[in-house]
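Taking it in order: structure first as structure tokens, then the write-up.
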Amino acid sequence: MHTFTSLFVHVVFSTENRLPFLTQEIRAGVHAYLGGCVRNLGATAIEIGGVADHVHLLAEYPPQLSISELAGKIKANSSRWIHETVGVPRFAWQRGYSAFSISRTDVSEVVRYIRGQEEHHRKESFIEEVQKFLAEYQINR
């Protein structure tokens with residue numbers, strides 16, 4: 001029997017201490033590299049975006065890949081690449097991440113949300129954003 005799935009996840013993770021490491025000059029390259037990491041894990045990056053201190057990633061992933069493996073490997077590989085290739089020696093991702101399941105019908109809405117990060121964060125901080133997600137998804141901290 002074949003396995004059929006439709007699994008989408010919106011993953012959010014920040015730089016260590018939310019330092020603004022992801023400058024405009026390196027952000028597009030970092031996002032592209034994250035997309036490659038996602039592909040190497042057998043998943044599909046649908047949208048990747050963010051601002052100087054955090055990243056939003058929307059991916060469709062296979063059932064054999066756990067979300068913790070997806071987030072952990074992406075963060076580890078990209079951190080190494082940012083140190084070695086981009087040349088940001090003090091760069092690090094914050095421990096942990098947030099992940100939210102997304103239905104196929106909400107994918108386009110989440111894509112628009114990720115693409116609007118620059119504008120969004122002129123009005124709301126990263127902490128406020130995460131708190132809204134936790135409340136919306138009824139996650140107790």
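Values below: every heavy atom of this structure, side chains too, minus hydrogens, waters and symmetry copies.
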inquiry  = Does any part of the side chain of Val55, heavy atoms only, come nearer than 4.5 Å to the side chain of Val12, both counted from C-beta?
reply    = no

key: Nearest-0.5 Å distance, CD1 of residue Ile139 to OG of residue Ser98   = 7.0 Å

ask   = If two hydrophobic side chains count as joined below 4.5 Å and joins carry through other members, does Ile48 share a cluster with Phe91?
value = yes

inquiry  = Please tell me whether Phe133 and Tyr113 form a close aromatic pair, meaning their ring centres lie under 6.0 Å apart.
reply    = yes

message = Using the rule given for side chain to side chain contact (heavy atoms under 4.5 Å, CB included), can you reason through Arg18 versus Ile127, listing the C-alpha separation, both sets of side-chain angles and the distance that settles it, and then say yes or no?
response = CA-CA 10 Å; Arg18 291 181 297 288; Ile127 296 297; 3.6 Å; yes

ask   = Within a strict 4.5 Å, meaning less than it, do heavy atoms of the Pro63 and Thr3 side chains meet?
value = yes

query = According to the interplanar angle, ranging from 0 to 90°, do the rings of His56 and His121 count as parallel (below 30°), tilted (30 to 60°) or perpendicular (above 60°)?
reply = tilted

key: Test item: Asp106 side-chain N/O and Ile102 main-chain N/O as donor-acceptor pair under 3.5 Å   = no

ask   = Are Phe13 and Ile114 linked, directly or through other ILVMFWY residues, by side chains that come within less than 4.5 angstrom of each other?
value = no

task = Would you mind reporting whether Thr44 and Val38 have side-chain heavy atoms less than 4.5 Å apart?
result = no

key: Phe100 reachable from Leu34 in the ILVMFWY side-chain graph, under 4.5 Å edges   = no

request  = Compare all side-chain heavy atoms of Ile46 with those of Glu60 and state whether any distance is below 4.5 angstrom.
outcome  = yes

key: Exam field: side chain Ser79 to backbone Ala76, donor-acceptor pair closer than 3.5 Å   = no

Working for salt bridge (Lys or Arg N to Asp or Glu O under 4.0 Å), residues Lys123 and Glu128 = CA-CA 10 Å; Lys123 303 173 195 151; Glu128 292 168 325; over 6 Å; no

query = What is the distance from atom OG1 of Thr15 to atom CZ of Phe21, rounded to the nearest 0.5 Å?
reply = 6.5 Å

key: Full working for salt bridge (Lys or Arg N to Asp or Glu O under 4.0 Å) between Arg112 and Glu47   = CA-CA 9 Å; Arg112 274 192 302 280; Glu47 191 67 38; over 6 Å; no

request  = Using a 4.5 Å cut-off on heavy atoms from C-beta on, say whether the side chain of Trp81 contacts that of Cys37.
outcome  = no

remark   = To the nearest 0.5 Å, atom OG of Ser101 lies from atom CD1 of Ile67 at 7.5 Å

task = Write out all pairs satisfying side-chain hydrogen bond (donor to acceptor under 3.5 Å, both in side chains) with one or both partners inside residues 28-41, taking only residues at least two apart or from two chains.
result = none

key: SB check Arg95 Glu16 (cutoff 4.0 Å)   = no

Non-hydrogen side-chain atoms of Gln117 and Glu129 separated by less than 4.5 Å = yes

ask   = Is there side-chain contact between Leu22 and Val51, with at least one heavy-atom pair below 4.5 Å?
value = no

query = Is there a chain of hydrophobic side chains (I, L, V, M, F, W, Y, each step under 4.5 Å between heavy atoms) that links Tyr137 to Tyr61?
reply = no

query = Atom CD1 of Ile74 and atom CG of Leu41: how far apart are they, to the nearest 0.5 Å?
reply = 6.0 Å

message = Hydrophobic cluster membership, with links at side-chain heavy-atom distances under 4.5 Å among I/L/V/M/F/W/Y: are Tyr97 and Leu134 in one?
response = no

Inter-residue atom distance Ile82.CD1 - Trp93.CH2, 0.5 Å rounding = 5.0 Å

task = Look at the rings of Phe126 and His54 and say which category their plane angle falls in: under 30° parallel, 30 to 60° tilted, over 60° perpendicular.
result = tilted

message = Val9 vs Leu70, test: side chain to side chain contact (heavy atoms under 4.5 Å, CB included). Steps then yes/no.
response = CA-CA 10 Å; Val9 64; Leu70 176 75; 4.0 Å; yes

ask   = For the atom pair CG (Asp53) and OG (Ser125), what is the distance rounded to the nearest 0.5 Å?
value = 9.0 Å

task = Considering only NZ, NE, NH1 and NH2 on the basic side and carboxylate oxygens on the acidic side, decide whether Lys132 and Glu124 come within less than 4.0 Å.
result = yes

request  = Let me see the working for Arg80 and Thr85 under side chain to side chain contact (heavy atoms under 4.5 Å, CB included), right down to the final yes or no.
outcome  = CA-CA 8 Å; Arg80 187 178 320 104; Thr85 306; over 6 Å; no

query = So, the side chain of Lys75 versus the backbone of Gln94: is there a donor-acceptor pair under 3.5 Å, distance only?
reply = yes

request  = Begin with the C-alpha distance, continue with both residues' side-chain angles, and end with the deciding distance and a verdict on side chain to side chain contact (heavy atoms under 4.5 Å, CB included) for Val110 and Val107.
outcome  = CA-CA 5 Å; Val110 175; Val107 165; 5.9 Å; no

